[in-house]
Amino acid sequence: MTPRKIIIDTDPGQDDAVAILLALASPEDIDVLGITCVAGNVPLDLTVRNARIVCELAGKTDVKIFAGCDRPLGRALVTAEHVHGKTGLDGPVLPEPTMPIAEGHAVDFIIDMLREYAPGTVTLCPLGPLTNIATALQKAPDIASRIAKIILMGGGYFEGGNITPAAEFNIYVDPQAADIVFKSGAPIVVMPLDVTHKALVTTARNDAFRNIGSPVGIAVAEMTEFFERFDKEKYGSEGAPLHDPCVTAYLIRPDLFKGRHINVEIETESELTMGMTVADWWGVTDRAPNATFMGDLDADGFFTLLTERLARL
Ligand code: BDR
Ligand code: CA
């Protein structure tokens, strides 16, 4: 099979970093057209910096990395240094990047790629707030019908939220953007907290990363060690959840995931439940399905894939 053309839209983030590394390690499955950065876990200048650090770590300095939107559509930016540290990529000591930032705006790159390639051949992989994707859809409504799929990390149903009781971080930061994306008509696959909280890095799994012995394996082990403290303290869980790598793993092994094709709407008005993904998992409304909402993951299969692929870099 020819590799799937994707754009990774991201706010790195240690888990974003692992998602990017998995994609870059898998050229037979994934062709990364470019990486578009957005403000989220940390402000935009840092997410662009971090994406460049990750590509340099992987030895892939020819990847195009674009800067995108520096704030949500209609709200002030909320960041997550309390999870990811001051730089967003705290943990390993990695050199400041020197590879260039691509010219042009991330939103224009997304539009251009969708128009350049045949309809149904470019997949968008958002790993952060959906500001860039929604802005592209607003600016160029014709692209909606050209998108092969949007495979995104965001939301939660059974797990509730992680930034508020009701909302997951990526959707909470820009609920208006999420609303635009979920109403776009493009085919959507959602990796909510219900799945990503099953992708836990246990000590044995982290040892497997470290035992790869390469700079990538060691850096990934140090990244997850840094950001696991947050979830360990909060949930009493065994280790860090690798949220965003669920998206790139799905491109390679969709059989590792189980979900339902259902209706998902985004709360954009109530302060109490702002950014909630109202997922009709039980089919109690007659609202038309607009997303495949994942609920389960073969975690052992996921970590085996991840470790095997990261070892290639
Ligand atoms: C999501 O928010 C960010 O902190 C992570 O990178 C992930 O994309 C999890 O809620
Ligand atoms: Ca992210």
Side-chain angles (χ1 to χ4, degrees), residues 7-23 35-44 46-51 53-54 65 68-69 72 77-91 106 124-133 150-175 177-178 181 189-201 220 223-224 226-231 233-235 237 239-250 266 274-277 293-294 297:
I7 297 172
I8 302 179
D9 189 71
T10 178
D11 63 337
Q14 294 88 349
D15 60 321
D16 303 69
V18 180
I20 293 167
L21 291 169
L22 175 59
I35 295 179
T36 52
C37 299
V38 68
N41 285 323
V42 283
L44 182 68
L46 284 173
T47 63
V48 175
R49 165 192 178 266
N50 295 347
I53 289 179
V54 173
I65 299 178
C69 300
L77 177 65
V78 175
T79 52
E81 286 87 354
H82 60 294
V83 182
H84 300 276
K86 230 170 93 189
T87 67
L89 206 57
D90 282 17
L124 304 181
C125 297
L127 311 177
L130 290 159
T131 321
N132 285 342
I133 311 294
I150 300 175
I151 306 170
L152 67 92
M153 190 281 137
Y157 178 66
F158 294 99
E159 284 285 296
N162 59 357
I163 184 85
T164 75
E168 179 280 329
F169 179 78
N170 289 341
I171 307 293
Y172 178 77
V173 172
D174 200 341
V181 169
V189 176
V190 185
M191 296 294 169
L193 296 175
D194 308 331
V195 164
T196 67
H197 279 172
K198 292 177 179 143
L200 290 182
V201 187
V220 166
M223 282 183 210
T224 61
F226 176 84
F227 96 112
E228 72 178 7
R229 87 209 174 289
F230 178 79
D231 285 79
E233 277 165 27
K234 182 170 165 193
Y235 296 105
S237 53
L242 286 186
H243 303 284
D244 295 337
C246 289
V247 168
T248 41
Y250 180 79
I266 309 296
M274 182 66 78
M276 185 176 181
T277 43
F293 198 84
M294 293 301 172
L297 161 75

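First listed ligand is number 1; within each ligand, the first listed atom is number 1.
- Vertex the Ca ion (ligand 2); arms to L127 atom O and D244 atom OD2; angle 90° (nearest 10°).
- Within D11, OD1 is the N, O or S atom that lies nearest to the Ca ion (ligand 2).
- Closest to atom 10 (O) of ligand 1, if we only count protein heavy atoms, is E168 OE2, 2.4 Å.
- Inter-residue side-chain proximity for L124 and D9 is flagged as unmet; no heavy-atom pair is nearer than 4.5 Å.
- The shortest N or O to N or O distance between N170 and ligand 1 is under 3.5 Å.
- Of the N and O atoms on the side chains of T87 and D90, at least one donor lies less than 3.5 Å from an acceptor on the other residue.
- Y250 has its side chain within reach of M294: a pair of non-hydrogen atoms, C-beta onward, lies under 4.5 Å apart.
- One side chain, N41 or H84, offers a donor N or O that lies under 3.5 Å from an acceptor on the other.
- Between L89 and F227, every side-chain heavy-atom pair lies at or beyond the 4.5 Å cut-off.
- The proximity of L127 to ligand 1, defined as any non-hydrogen pair under 4.0 Å, is limited to the backbone.
- Put simply, CG on L127 and CG on D16 are 5.0 Å apart, with the number rounded to the nearest 0.5 Å.
- Under a 4.0 Å criterion applied to the non-hydrogen atoms of N162, ligand 1 contributes the atoms 9 (C), 10 (O).
- The protein non-hydrogen atom at the shortest distance from atom 6 (O) of ligand 1 is D15 OD1, 2.7 Å.
- When only non-hydrogen protein atoms are considered, atom 8 (O) of ligand 1 lies nearest to D244 OD1, 2.7 Å.
- Given atom 3 (C) of ligand 1, the protein heavy atom at minimum distance is N41 OD1, 3.1 Å.
- Look at Q14 and you'll find every heavy atom at least 4.0 Å from all atoms of ligand 1.
- Between F293 and Y157, the two ring planes are perpendicular [angle over 60°; tilted spans 30° to 60°].
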